[in-house]
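Everything quoted here is computed from the prediction, not taken from an experiment. In what follows, every chain begins at residue 1, and chains take the letters A, B, ... in the order their sequences are listed.
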Amino acid sequence: MSVPFAGAAREGLYLAAPTAAVRTIVEVTERVLETPSTVTLRFRYPPTAEPGQFVMIWFPGDDELPMSLSYTDTESKGVTVKAMGETSRNVQHLGVGARVGIRGPYGNRFDLAARRILVVGGGSGAAVLAPAAEAAARRGSRVVVALGATQAPELLFRARFESMGARVEVATDDGSDGTRGFVTGVADRLLREEPFDAVWTCGPEVMMEKVARAAEPAGVPVFCSTERHMKCALGMCDACALGPYHVCVDGPVFPAERLLPLPEFGRSHRDPSGRRVPFGSR
Amino acid sequence: MSVPFAGAAREGLYLAAPTAAVRTIVEVTERVLETPSTVTLRFRYPPTAEPGQFVMIWFPGDDELPMSLSYTDTESKGVTVKAMGETSRNVQHLGVGARVGIRGPYGNRFDLAARRILVVGGGSGAAVLAPAAEAAARRGSRVVVALGATQAPELLFRARFESMGARVEVATDDGSDGTRGFVTGVADRLLREEPFDAVWTCGPEVMMEKVARAAEPAGVPVFCSTERHMKCALGMCDACALGPYHVCVDGPVFPAERLLPLPEFGRSHRDPSGRRVPFGSR
Amino acid sequence: MAELSVRVGPLALRNPFVLASGIWGESGESLAGAWDAGAGAVVTKSIGSAARPGYPNPTIESYGDWGLLNAMGLPNPGIEEYPREIAVARTRGATVIGSIFGGDAEEFATLAREMAPTGVVALELNLSCPHAEGYGTEVGSEPADVEAIVGAVVRAVPIPVIAKITPNTPDPAGLAEAAERAGAAAVSAINTIRGLAIDTELHRPVLAHGLGGLSGPAIKPAGLACVWQIYDRIRIPVIGIGGISTAEDALEYLMAGASAVEVGTAVTQRGIRVFGELAHDLDRRLDALGYPSVASAVGAAHPARR
Amino acid sequence: MAELSVRVGPLALRNPFVLASGIWGESGESLAGAWDAGAGAVVTKSIGSAARPGYPNPTIESYGDWGLLNAMGLPNPGIEEYPREIAVARTRGATVIGSIFGGDAEEFATLAREMAPTGVVALELNLSCPHAEGYGTEVGSEPADVEAIVGAVVRAVPIPVIAKITPNTPDPAGLAEAAERAGAAAVSAINTIRGLAIDTELHRPVLAHGLGGLSGPAIKPAGLACVWQIYDRIRIPVIGIGGISTAEDALEYLMAGASAVEVGTAVTQRGIRVFGELAHDLDRRLDALGYPSVASAVGAAHPARR
Ligand SMILES: Cc1cc2nc3c(=O)[nH]c(=O)nc-3n(C[C@H](O)[C@H](O)[C@H](O)COP(=O)(O)OP(=O)(O)OC[C@H]3O[C@@H](n4cnc5c(N)ncnc54)[C@H](O)[C@@H]3O)c2cc1C
Ligand SMILES: Cc1cc2nc3c(=O)[nH]c(=O)nc-3n(C[C@H](O)[C@H](O)[C@H](O)COP(=O)(O)OP(=O)(O)OC[C@H]3O[C@@H](n4cnc5c(N)ncnc54)[C@H](O)[C@@H]3O)c2cc1C
Ligand SMILES: Cc1cc2nc3c(=O)[nH]c(=O)nc-3n(C[C@H](O)[C@H](O)[C@H](O)COP(=O)(O)O)c2cc1C
Ligand SMILES: Cc1cc2nc3c(=O)[nH]c(=O)nc-3n(C[C@H](O)[C@H](O)[C@H](O)COP(=O)(O)O)c2cc1C
Ligand code: FES
Ligand code: FES
């Protein structure tokens with residue numbers, strides 16, 4: 001037997017890269033405060049990773065959480081963590097030298113073939129979109145970014161998107177920068193202004209659903225980076241079930257056409273016990 | 001971890017080739033009656049083997065026994081089994097198509113570097129000496145064989161030795177062919193007649209000890225292929241202990257200078273319970 | 001073409017490869033997915049009286065290709081919510097076996113009464129999870145407890161009851177005999193083997209719960225030993241579990257005495273398509289060895305059959 | 001340079017790596033060889049009242065690099081002959097621990113009385129071989145039996161007694177407590193895990209005896225779990241055994257609560273030099289992690305120590 005416990009993605013969805021299932025302890029080598037509520041931790045982790053993939057990152061004493069890799073292309077990988085619940089708030093205080101456990105990378109990746117890409121990110125969604133956009137831009141694709149946040153200082157990776165030569169349009173809930181309101185409005189406008197071959201989106205599922213529906217008339221394929229509660233990340237425990245899929249191995253990136261038919265997409269997820277919980281009710 | 005359970009030979013003795021520890025079931029493809037009491041079974045077993053090495057061969061329903069490979073150089077390996085106790089007697093009746101289990105090859109090999117080799121074989125000892133002599137002859141070494149048996153028809157692999165171009169001198173207990181008496185007498189004479197770089201011997205331990213002592217004055221290094229009761233063949237269970245060595249991984253081939261100082265060489269072995277038993281008392 | 005369909009006591013399965021409890025078993029869509037992939041039946045996640053989040057992460061530790069340690073902690077949506085998941089799987093045609101866990105005979109019986117009407121073809125009782133305080137091995141290690149629990153469930157519901165036995169015991173066959181005495185239709189074995197992993201760098205157990213259970217190839221020898229011993233001591237059928245990832249593994253279990261097998265960890269190595277592949281490969285292997293059916297290989301390694 | 005010498009109750013060992021029973025343990029020269037290779041002490045093969053040939057071959061089945069199944073069947077030269085082997089090892093300076101197996105407390109006590117005067121520093125009682133009818137697990141699975149056997153030996157001989165515990169039990173710590181109550185100086189865990197392998201081609205068990213015991217990396221999680229649980233429940237020291245082939249494995253055991261460890265199957269993977277290498281590697285690893293001694297790492301993963 002030679003296949004490690006790596007999670008085996010389903011045929012017909014994207015290829016997942018082979019993964020390192022065994023946990024490694026790494027030291028945080030760099031810590032960057034990206035926004036008032038978001039910190040990036042960098043660490044040396046040699047396994048190859050593709051933009052879109054995530055790792056299971058263990059904060060000893062706290063939880064182990066799925067986190068997208070916000071830096072994928074060198075041995076110095078990174079995750080960008082937004083303060084949400086207890087663990088992710090504690091993570092904000094981790095310094096250089098802190099030790100965390102990493103396993104992965106897991107899951108599939110964004111397909112970099114599209115030549116004109118609209119990137120729509122809300123909240124910490126930019127964490128996974130940035131390395132993907134960077135890779136696409138490096139291959140010569142045109143990248144346009146619609147970036148949303150509650151307020152101006154929370155706009156994640158704005159400078160990073162700009163420095164890769166992308167056109168960046170922002171939206172804030174409070175209007176402190178760019179359009180006031182949801183980033184979906186900006187995305188709608190951009191879809192009308194320019195032709196795109198693909199839309200990449202990550203953020204609250206309700207937002208992603210809106211983006212997906214908006215792009216339908218134009219016939220532009222939308223790819224959503226989804227989240228579900230994760231435990232094994234090996235396609236086994238069923239915690240991350242999303243319709244017939246397991247986000248950890250079949251995703252996290254799905255073509256919207258696979259998600260839109262699912263009654264739960266944008267509506268409900270599952271709590272750690274496996275109960276179906278409507279979004280926003282937690 | 002990548003080292004399989006292969007047995008790990010001790011430094012300072014010969015190199016053992018890497019071994020296949022996992023058992024394979026093979027079919028007997030050919031059966032040759034070599035002498036009235038000895039049969040060769042051939043079977044397809046791809047792992048590389050060197051002359052001198054042995055396999056653990058499982059006769060289902062009967063015992064699993066250590067047997068030298070009498071054919072080592074192609075995928076069609078072979079063992080040559082002399083009728084002794086119950087199992088080896090039953091083996092005489094195995095036909096083509098019979099299934100046996102093989103693990104190995106185990107142990108070390110004869111060093112083929114010597115240019116002039118005296119081969120001294122008694123009884124089934126020729127089984128392991130023949131492929132070694134063959135390999136040496138193929139490399140251009142001069143091979144002289146002293147072959148002993150109880151009586152003429154029991155002279156094992158006589159034709160095989162002759163067809164490799166070796167000078168063959170025989171001895172039989174009853175004088176039915178060659179010198180009457182022990183093969184050690186023939187060996188003594190050959191050692192006086194010709195210069196040799198090495199002596200290879202396999203047969204009853206008392207015989208090998210005699211050969212070793214006879215070669216001492218001439219200063220010719222002697223290599224003995226030894227036998228002890230074997231169970232694991234992995235250098236673990238201690239069944240095959242011979243002084244500080246384990247025949248299964250440190251041997252079966254030892255330079256006589258390592259064996260002669262051991263009080264048990266030529267005198268005692270161990271039964272399956274580990275008791276020390278004098279030779280000839282079983 | 002060997003006959004792959006099997007009978008496990010009163011149950012008829014289209015093939016002997018059953019999805020093990022705790023793998024793809026929380027959602028109805030996943031159960032249906034395993035069925036569509038070719039499983040002969042699917043066992044649900046073990047369901048308890050109330051929703052349980054399970055233990056915090058880390059809940060798993062992998063040992064490369066030979067084993068996996070987990071301490072999920074019996075997360076499950078609870079018996080009240082879970083029937084809707086079974087309904088989803090049943091709508092899609094799946095043969096579903098319901099797994100339940102409880103702290104005593106009464107709780108098991110109550111759960112059984114709620115689970116039985118959902119259309120599950122049988123109930124598997126989790127008497128063997130090695131890392132859940134008050135459940136699993138803690139209530140399934142003594143023959144008397146097994147007999148009491150199985151008996152209570154058998155009396156409570158009209159459908160077949162399968163007792164899932166722990167390997168963490170000196171005498172698995174004694175537990176199986178207790179289940180048989182109490183009226184179980186079959187016994188399944190094994191659950192995971194109690195295990196622990198320590199991170200030396202951080203000097204703490206890796207799993208948040210500390211103790212966990214080992215599954216995967218490493219436990220196949222233990223599973224085979226349990227099935228072998230149990231087969232000799234009971235007349236009801238045995239379902240073999242533990243480290244099955246190839247048809248050859250499954251055949252070992254069949255020959256050791258299993259009438260069917262459950263497959264868990266292999267799903268993470270080979271994907272859910274493992275079910276279709278196992279059935280295909282077993283078919284060819286049985287043909288090659290001259291067995292006309294799965295059933296004809298059951299127990300074939302026992303002396304009486306040789 | 002971390003301090004490698006350890007105390008295990010009354011025993012002082014030059015390092016924590018002890019040769020496990022049944023490996024290189026039949027002949028005095030082999031015991032001496034393991035000592036010369038750097039073992040902290042060597043345990044003899046388990047010795048019984050009379051010479052025993054053990055089971056016929058095949059006695060082992062290998063699973064590549066993660067495990068090994070054996071059913072040697074307790075071959076041994078018998079207590080009458082064996083002292084001469086101990087004498088050979090002692091002449092060469094080895095610290096020898098004598099292992100014995102018996103069918104009841106009386107037989108154990110008799111063997112102990114014969115073994116103690118040979119100069120062994122302690123006796124390890126094999127209460128845990130999983131495949132020998134009438135011995136091992138068959139007499140070591142109930143706390144009352146363990147207490148009776150250990151008690152009888154403790155009363156019979158003046159040297160320290162180590163009880164070797166089985167993993168094939170729901171509650172290894174309960175067995176360890178029984179040993180402690182009876183006066184054991186230490187507990188060692190684990191022996192092999194009951195297992196079986198079947199050859200499907202020949203439809204029969206591979207090992208001549210059928211059932212065997214699994215050792216090697218695959219049982220490390222189980223061994224760690226036992227040591228972890230035992231450490232929390234007794235005050236006498238624990239010796240960790242099972243699947244140790246690297247210093248990192250050993251450190252896991254130390255942190256789980258072992259005061260020393262025994263190494264068996266790794267000898268077939270890495271040769272007898274594994275003892276020297278383990279000591280060297282553990283030294284470096286302790287230095288890197290800032291532990292001044294082996295002793296300071298013992299139990300380090302337990303919550304009270306973190
Ligand atoms: C594939 C994937 C990629 C992710 N990438 C990022 C990222 O790059 N940056 C980022 O900040 N966050 C990311 N998340 C979310 C992150 O895993 C956590 O959900 C979030 O940090 C909150 O964790 P908490 O423990 O602080 O919150 P808690 O207070 O424990 O819970 C708040 C919510 O977080 C979610 N959550 C908690 N534990 C888990 C878990 N094991 N798996 C999934 N969700 C959980 C639940 O929905 C819960 O309701 C990602 C999630 C997934 C599934
Ligand atoms: C490295 C090695 C290579 C060998 N090569 C050959 C060979 O090429 N041809 C050949 O005919 N024989 C060979 N033998 C001897 C062979 O293994 C058997 O000893 C012999 O066939 C008798 O077996 P039996 O079961 O028929 O005898 P039994 O009646 O069982 O016993 C007769 C004697 O055979 C020996 N024996 C039995 N079982 C074993 C065992 N497991 N390991 C070692 N000795 C055992 C014992 O000394 C015993 O006293 C070799 C032995 C060794 C150790
Ligand atoms: C992640 C995971 C969760 C499990 N959950 C359950 C469970 O809820 N109930 C149960 O009876 N067994 C559970 N098991 C045990 C499996 O059903 C099975 O008995 C065990 O894993 C051995 O089979 P395998 O080696 O094929 O995985 C679980 C196993 C794993 C790996
Ligand atoms: C071939 C073999 C023989 C063994 N014989 C004995 C024995 O006689 N007495 C005993 O207490 N344990 C015996 N054991 C068990 C070992 O001492 C040890 O407990 C077990 O193998 C786990 O350790 P490991 O994984 O390092 O091998 C034996 C193990 C093997 C592999
Ligand atoms: S986290 Fe995806 S199946 Fe377990
Ligand atoms: S046969 Fe050589 S040590 Fe076991």
Heavy-atom neighbours of A:Glu86 CD exceed 12 at 6.0 Å = no
Would you call A:Arg276 and C:Glu29 a salt bridge, using N to O less than 4.0 angstrom?
-> yes
In terms of heavy-atom proximity below 4.5 Å to chain A, should C:Asp199 be classed as side chain, backbone, both, or neither?
-> side chain
Nearest 0.5 Å please: distance from the NE2 atom of A:His246 over to the CD1 atom of C:Ile272.
-> 8.0 Å
Contacting moiety of A:Glu264, where chain C heavy atoms sit under 4.5 Å | side chain
Given that the side chain runs from C-beta out, which part of A:Met230 has a heavy atom under 4.5 Å from chain C: side chain, backbone, both or neither?
-> backbone
So, the part of C:Val206 with a heavy atom under 4.5 Å from chain A: the answer is both
By a 4.5 Å heavy-atom criterion (distance strictly below it), what part of A:Asp271 contacts chain C: side chain, backbone, both, or neither?
-> neither
Answer yes or no: are there more than 12 heavy-atom neighbours, outside A:Arg228 itself, under 6.0 Å from its atom CZ?
-> yes
C:Asn57 (side chain) donor-acceptor with A:Ile57 (main chain) under 3.5 angstrom | no
Identify whether the distance between the nearest side-chain nitrogen and carboxylate oxygen of C:Glu81 and A:Arg270 falls below 4.0 Å.
-> no
Is the shortest heavy-atom distance from the side chain of A:Cys237 to the side chain of C:Met72 under 4.5 Å?
-> yes
So, C:Trp24 side chain and A:Gly235 main chain: donor-acceptor pair closer than 3.5 Å or not?
-> yes
A:Trp58 CH2 to C:Glu61 CD distance, which is reported to the nearest 0.5 Å | 8.0 Å
Looking only at heavy atoms, what is the nearest atom pair of C:Ser30 and A:Asp238, with distance?
-> OG-OD1, 2.6 Å
Compare all side-chain heavy atoms of A:Leu234 with those of C:Leu68 and state whether any distance is below 4.5 angstrom.
-> yes
If every non-hydrogen atom of A:Lys231 is compared with every non-hydrogen atom of C:Pro75, which pair is closest and at what distance?
-> NZ-CB, 3.3 Å
Grab the two heavy atoms, one from C:Glu26 and one from A:Ala239, that are nearest each other, plus how far apart they are.
-> OE1-CA, 4.0 Å
Check whether more than 12 heavy atoms from other residues, nucleotides or ligands sit under 6.0 Å from atom CD of A:Glu216, and answer yes or no.
-> yes
So which heavy atom on C:Pro58 is nearest to which on A:Arg23, and how close?
-> CB-NH2, 3.4 Å
What's the spacing between A:Ser273 OG and C:Asn76 CG if we round to 0.5 Å?
-> 7.0 Å
Counting only heavy atoms not in C:Arg284, do more than 12 sit closer than 6.0 Å to its CZ atom?
-> no
Taking all atoms of both residues into account, what is the closest heavy-atom pair of C:Leu202 and A:Pro60, and its distance?
-> CD1-CG, 3.4 Å
Any side-chain heavy atom of A:Met236 within less than 4.5 Å of one from C:Ile23?
-> yes
